[in-house]
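For reference, the structure discussed in these notes is given below.
Please read these numbers as outputs of a predicted model, since none were measured by experiment.
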Amino acid sequence: MWPMRALVTGASGFLGSRLVWQLRAHGHDVVVLLRPTSDRSRIAAAEPDIAIGDITDPASLRTAMDGVDAVFHTAAQYEMGPADPTTLDRINVDGSRNVFGAAGEAGAPVVYVSSVASLGPTGTAQEHEDHWSVDEPVSHYQRTKREAHLLARRFQDEGVDVRIGSPGGIYGAGDTSTLGKMMKAYMTVPMPVVAFRDAIQSTVQVDDCADGLLRMLENGEPSCEFLLCTESVTMKEWIAAMMRAADKPEPLLYIADSHVAAISRYVEWVVHAAGGPHELIRENIATAVNNFAYSGQKARDELGWNPRPLDLGLRQMAAAFGR
């Protein structure tokens with residue numbers, strides 16, 4: 001693709017920072033939208049241009065998009081059991097609306113990072129880009145990402161070139177999210193008994209996800225939609241693969257999802273009675289016991305996307321932990 005100038009929102013985050021580095025490796029100019037307090041450590045050495053602003057501030061978005069050829073919208077608030085759910089609405093929904101609107105005014109295509117959570121739970125067979133579950137969202141995060149996904153489609157219908165990429169569970173070294181901390185624990189702490197066993201989750205390594213997003217701009221059609229998922233595995237298979245990658249023995253016992261869900265009602269009641277964040281328990285468990293089985297075959301076929309297998313990605317992650 002021609003050398004271009006690209007704006008990245010969420011550039012200080014796990015995925016956004018990897019995207020900045022890949023854009024620079026491809027010879028593109030990069031401008032990043034950052035708040036004054038944003039941590040720049042992941043991207044400082046890439047030396048992007050910095051635009052101070054926020055996706056909740058349309059004026060700062062319009063300024064940041066001046067002269068750009070494309071926008072990568074990775075910014076989002078990921079939080080389970082939020083104390084203030086309106087924060088997720090303001091960032092995930094209203095912020096995305098601002099990005100799509102400003103990009104439409106600038107005439108720049110947007111590659112938007114959605115999530116398989118937006119499309120909703122599945123059965124045991126892998127679903128594709130046309131899947132849309134009628135089940136009610138199980139978390140405020142899923143609800144707001146679903147609303148933003150529908151917003152992206154609405155802007156597509158209005159002629160704005162919004163390209164929607166929906167990753168599975170993004171993993172890799174350097175992830176400080178709840179998922180990243182959980183994976184590090186599995187790889188470094190002995191765990192003879194673990195919760196969750198049966199639910200199916202789709203996965204993608206962070207650099208492969210960034211590569212897929214870049215390919216969506218380079219090789220995708222306007223207003224395209226792609227799932228960025230490498231493999232779909234049960235929680236037991238995923239945990240066992242983590243243990244193998246770290247040369248640790250597999251857990252002796254996996255607690256069935258139905259038992260975890262039953263226990264969670266008691267734990268939630270206790271936490272609620274103590275004045276704690278009881279919704280955190282409910283939303284995390286409700287998400288973990290649902291199937292999210294999705295196929296990334298369309299991205300392989302149409303974009304030339306070739307993500308690494310889960311076993312290889314986990315070995316690389318374990319090596320970063322010194323395992």
Side-chain angles (χ1 to χ4, degrees), residues 1-11 15-16 18-20 22-33 55 58 61-62 64-76 92-119 127-132 145-168 204 208-229 294-307:
M1 189 178 182
W2 72 97
M4 65 174 178
R5 182 171 176 81
L7 171 69
V8 180
T9 73
L15 173 62
R18 302 299 181 98
L19 184 57
V20 167
Q22 289 200 24
L23 284 163
R24 296 291 286 148
H26 282 249
H28 302 306
D29 290 333
V30 181
V31 56
V32 296
L33 183 73
I55 62 172
L61 275 170
R62 287 192 289 270
M65 288 187 192
D66 184 30
V68 304
D69 301 297
V71 178
F72 290 87
H73 178 33
T74 78
N92 296 347
V93 183
D94 298 337
S96 294
R97 181 187 291 108
N98 294 337
V99 172
F100 303 150
E105 293 175 12
V110 186
V111 179
Y112 166 57
V113 181
S114 184
S115 167
V116 295
S118 303
L119 306 182
E127 295 288 353
H128 301 273
E129 282 77 1
D130 58 356
H131 178 74
W132 191 264
K145 289 297 285 185
R146 171 168 278 219
E147 290 178 18
H149 197 112
L150 291 173
L151 260 180
R153 289 178 174 175
R154 209 166 301 148
F155 273 88
Q156 289 176 339
D157 292 339
E158 294 172 1
V160 180
D161 183 4
V162 182
R163 309 183 186 199
I164 307 172
S166 298
V204 62
D208 294 331
C209 184
D211 175 62
L213 296 170
L214 188 54
R215 288 173 183 270
M216 285 177 59
L217 182 66
E218 293 177 336
N219 304 331
E221 296 294 328
S223 297
C224 58
E225 189 163 338
F226 286 94
L227 288 161
L228 299 176
C229 303
Y294 285 96
S295 169
Q297 191 60 46
K298 179 184 174 185
R300 294 174 185 268
D301 293 341
E302 297 186 17
L303 302 179
W305 189 51
N306 187 29

Residues passing the side-chain hydrogen bond (donor to acceptor under 3.5 Å, both in side chains) test with S114, sequence neighbours excluded, are S118, H149
Among residues at least two apart in sequence or on other chains, which ones pass salt bridge (Lys or Arg N to Asp or Glu O under 4.0 Å) with [X]?
{"X": "R153", "value": "E225"}
{"X": "R24", "value": "none"}
{"X": "R146", "value": "none"}

Nearest 0.5 angstrom please: [X] [atom1] to [Y] [atom2], how far?
{"X": "C229", "Y": "R300", "atom1": "SG", "atom2": "CZ", "result": "10.0 Å"}
{"X": "L33", "Y": "I55", "atom1": "CG", "atom2": "CD1", "result": "8.0 Å"}
{"X": "E221", "Y": "R163", "atom1": "CD", "atom2": "CZ", "result": "7.5 Å"}
{"X": "I164", "Y": "L151", "atom1": "CD1", "atom2": "CG", "result": "10.0 Å"}
{"X": "K145", "Y": "S166", "atom1": "NZ", "atom2": "OG", "result": "8.5 Å"}

Closest heavy-atom pair and its distance - [X], [Y]:
{"X": "V32", "Y": "A11", "value": "CG1-CB, 3.4 Å"}
{"X": "E129", "Y": "L227", "value": "OE2-N, 2.8 Å"}
{"X": "G16", "Y": "V8", "value": "O-CG1, 4.1 Å"}
{"X": "L61", "Y": "A102", "value": "CB-CB, 4.2 Å"}
{"X": "L303", "Y": "G212", "value": "CD1-O, 4.2 Å"}
{"X": "A148", "Y": "N92", "value": "CB-O, 3.3 Å"}

Show every side chain to side chain donor-acceptor pair (under 3.5 Å) that has at least one partner inside residues 97-108, sequence neighbours left out. D94-R97
Taking [X] for its side chain and [Y] for its backbone only, find out whether a donor-acceptor pair lies under 3.5 Å.
{"X": "T74", "Y": "T9", "result": "yes"}
{"X": "D69", "Y": "R5", "result": "yes"}
{"X": "D161", "Y": "S223", "result": "yes"}
{"X": "W305", "Y": "K298", "result": "no"}

Would F72 and L23 count as a side-chain contact (heavy atoms from CB on, under 4.5 Å) if you check the C-alpha gap in whole Å, the side-chain angles of each, and the deciding distance to 0.1 Å? CA-CA 10 Å; F72 290 87; L23 284 163; 3.9 Å; yes
Worked verdict on L214 versus H26 for side-chain contact (heavy atoms from CB on, under 4.5 Å): CA-CA 10 Å; L214 188 54; H26 282 249; 3.5 Å; yes
Test M4 against every option in L217, V30, V68, D29 by the side chain to side chain contact (heavy atoms under 4.5 Å, CB included) rule and name the one that passes. L217
Could you check if a side-chain atom of H73 sits within less than 4.5 angstrom of a side-chain atom of V113, using non-hydrogen atoms only? no
Are the side chains of D211 and R18 in contact, using a 4.5 Å heavy-atom criterion? no
Evaluate side-chain contact (heavy atoms from CB on, under 4.5 Å) for L150 paired with W132, printing each intermediate quantity in order. CA-CA 11 Å; L150 291 173; W132 191 264; 3.7 Å; yes
Set of ring pair (Phe, Tyr, Trp, His ring centres under 6.0 Å) partners for F226, sequence neighbours left out: none
